[in-house]
Amino acid sequence: MRVSRFFMPLMKETPAEAQIVSHRLMLRAGMIRQQSAGIYSWLPLGKRVLAKIENIVREEQNRAGAIEVLMPTLQSADLWRESGRYDAYGAEMLRITDRHEREMLYGPTNEEMITDIFRSSVKSYRQLPLNLYHIQWKFRDEVRPRFGVMRGREFLMKDAYSFDLDPEKARIAYRKMFIAYLRTFARMGLKSVPMRADTGPIGGDLSHEFIVLAETGESQVFCHRDLIEMPVPGADFDYEGDLEGVFNQRTSLYAATEEMHDAAAFGALPADKQVTARGIEVGHIFYFGTKYSKSMGAKVAGPDGTDVTVEMGSYGIGVSRLMGAIIEASHDDAGIVWPESVAPFDLGLINLKSGDSATDGACSKIYAALTAAGRDVLYDDTDERAGTKFASMDLIGLPWQVIVGPKGVANGEVEVKNRRSGERETLSVDAAIKRFAERPSF
RNA sequence: CGGGGCGUAGCGCAGUCUGGUAGCGCAUCUGCUUUGGGAGCAGAGGGUCGCGUGUUCGAAUCACGCCGCCCCGACCA
């Protein structure tokens with residue numbers, strides 16, 4: 001993509017309403033635009049990152065055996081009356097009436113709907129276990145939206161729902177998601193820590209929040225230091241094999257959010273293992289048994305022919321919130337520092353002297369070669385000054401910059417800069433092409 | 001939902017107290033000069049001053065009502 005043809009409205013100054021760094025940087029980098037309190041348009045750069053995050057979530061859900069569906073944003077109130085939540089949910093639920101005076105709502109979550117889909121189609125225990133998920137917009141009419149996309153009213157969420165024959169099998173489903181979440185966040189360059197959580201109004205007795213540590217996090221968290229750097233299972237992890245090992249390794253160490261905090265237990269840890277930090281909740285998993293299956297009649301025939309009410313769990317990831325969390329965890333004074341896995345482009349190509357036949361030629365060659373090799377290149381071909389281009393490229397945070405200036409090109413050389421470390425390396429044009437064309441990690 | 005604050009050009013702001021017909025910086029457009037870390041000079045365009053009602057010869061400015069947005073707290077993916 002050429003910058004001259006792209007839509008990327010950068011801002012030099014920060015809009016007054018943005019208080020936290022991720023919100024400021026997303027606005028300045030032209031990733032989002034606020035349309036109402038807690039409601040945002042996603043501009044091209046933001047849309048690209050959102051898609052990257054979404055895909056990682058999707059890949060890890062699929063890997064763990066969950067199956068993707070897509071449910072609507074609008075739901076019928078009748079469904080929610082069955083579970084009893086239509087009245088219980090309160091003002092956070094956006095209620096809508098259609099032209100026939102039918103009561104509808106913009107879904108804040110989908111337990112009722114997925115249970116409805118399940119009960120109408122699944123009749124035998126032989127079809128279990130089943131885990132269905134979708135990635136869809138949600139609306140929760142927060143009293144006080146804030147922090148940009150971190151606490152919006154409309155947000156993109158991955159929500160998965162597991163169905164099992166008995167509590168023991170449901171716990172296996174729970175552990176699969178637990179491990180999938182560890183991998184999902186790690187792939188985005190985040191250090192996440194699962195913490196025992198209150199099950200809240202959703203009910204149930206087993207729940208973990210996945211917390212990303214960041215100074216600007218909303219909640220105070222406490223955990224054992226070893227949890228932070230603990231390696232996550234690899235891509236070859238066998239979800240049909242031993243799940244308890246990973247699960248127990250994580251859950252045996254102290255980790256709790258403020259509301260679940262046990263000061264005495266925490267204080268019993270060695271002093272150098274006690275970590276008190278701020279955290280951002282990016283995922284939340286629940287096992288809640290038959291809360292919805294019972295009220296909504298989701299039953300299957302068991303091995304002995306009698307009906308069994310299925311055991312359920314739900315597993316959420318705040319996809320749009322993750323973008324804010326990643327920026328909170330990865331930025332510097334100059335702007336965003338994207339992990340390669342979620343960067344809107346793989347690298348930025350800076351032509352320091354557009355209009356100069358030598359730099360234009362070198363840039364065209366690099367751009368064409370890397371694009372042909374499947375790299376997403378953002379080519380700054382504008383006639384802005386060098387300083388402006390450097391500042392813009394740093395702001396939007398692409399992990400690599402290839403800088404093409406007249407002096408270097410005269411020697412057949414370009415400069416490669418790593419956005420995170422700031423390290424620069426001078427390479428020949430061909431070596432630079434080779435470096436990125438063959439780079440396997442993209 | 002309690003408390004506080006703010007709505008003036010795309011963004012950041014001054015002007016409001018003390019009413020007289022709107023300004024600064026950045027951005028944008030044109031030209032010239034510049035060209036490796038957000039350039040300089042010259043010129044230009046862009047605003048029903050959030051909306052409504054009222055007071056007044058006259059309202060961005062005063063009064064009343066409404067809407068929107070932000071911050072602190074309580075609540076929450």
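Letters A, B, ... mirror the listed sequences (proteins, then strands); counts begin at 1. Quick note: numbers below take in every heavy atom, side chains included, and nothing from hydrogens, waters or symmetry partners.
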How would you label the contact of [X] with the nucleic acid (heavy atoms, under 4.0 Å): base, sugar-phosphate, or nothing?
X        : answer
A:Ala386 : sugar-phosphate
A:Glu281 : sugar-phosphate
A:Asp383 : nothing
A:Ser392 : base
A:Gly405 : base

Gap between atoms CD and P, on A:Glu218 and B:A74 respectively (whole Å): 12 Å
Whole-Å distance separating the CD1 atom of A:Ile350 from the C1' atom of B:G36: 10 Å
Nucleic acid contacts - residues 409-419 of chain A versus RNA chain B, non-hydrogen atoms under 4.0 Å: A:Glu415, A:Lys417
Below 3.5 Å, does any donor atom in the side chain of [X] face an acceptor in the base of [N], or the other way round?
X        : N     : answer
A:Glu384 : B:G38 : no
A:Arg424 : B:G37 : yes
A:Arg24  : B:G12 : no

Aromatic ring pairing A:His208/A:Phe178, orientation class (parallel under 30°, perpendicular over 60°, tilted between): perpendicular
Parallel, tilted or perpendicular: rings of A:Phe185 and A:Tyr181 (30°, 60°): perpendicular
Pairing of A:Glu60 and A:Lys158 as salt bridge, 4.0 angstrom limit: no
Ionic contact status for A:Arg278 with A:Glu328, cut-off 4.0 Å: no
Rounded C1' spacing from B:A27 to B:C72 in Å: 33 Å
C1' spacing across the pair B:G47 / B:U21, given as an integer number of angstrom: 14 Å
Report, one pair per line, the protein and nucleotides 67-69 of chain B atoms (nitrogen or oxygen only) whose separation is under 3.5 Å.
unit_1, atom_1, unit_2, atom_2, d
B:C69, OP1, A:Ala37, N, 2.7
B:C69, O3', A:Gln34, NE2, 3.2

Name each donor-acceptor pair under 3.5 Å that joins a side chain in residues 5-15 of chain A to protein atoms two or more places apart or in another chain, with its distance.
none

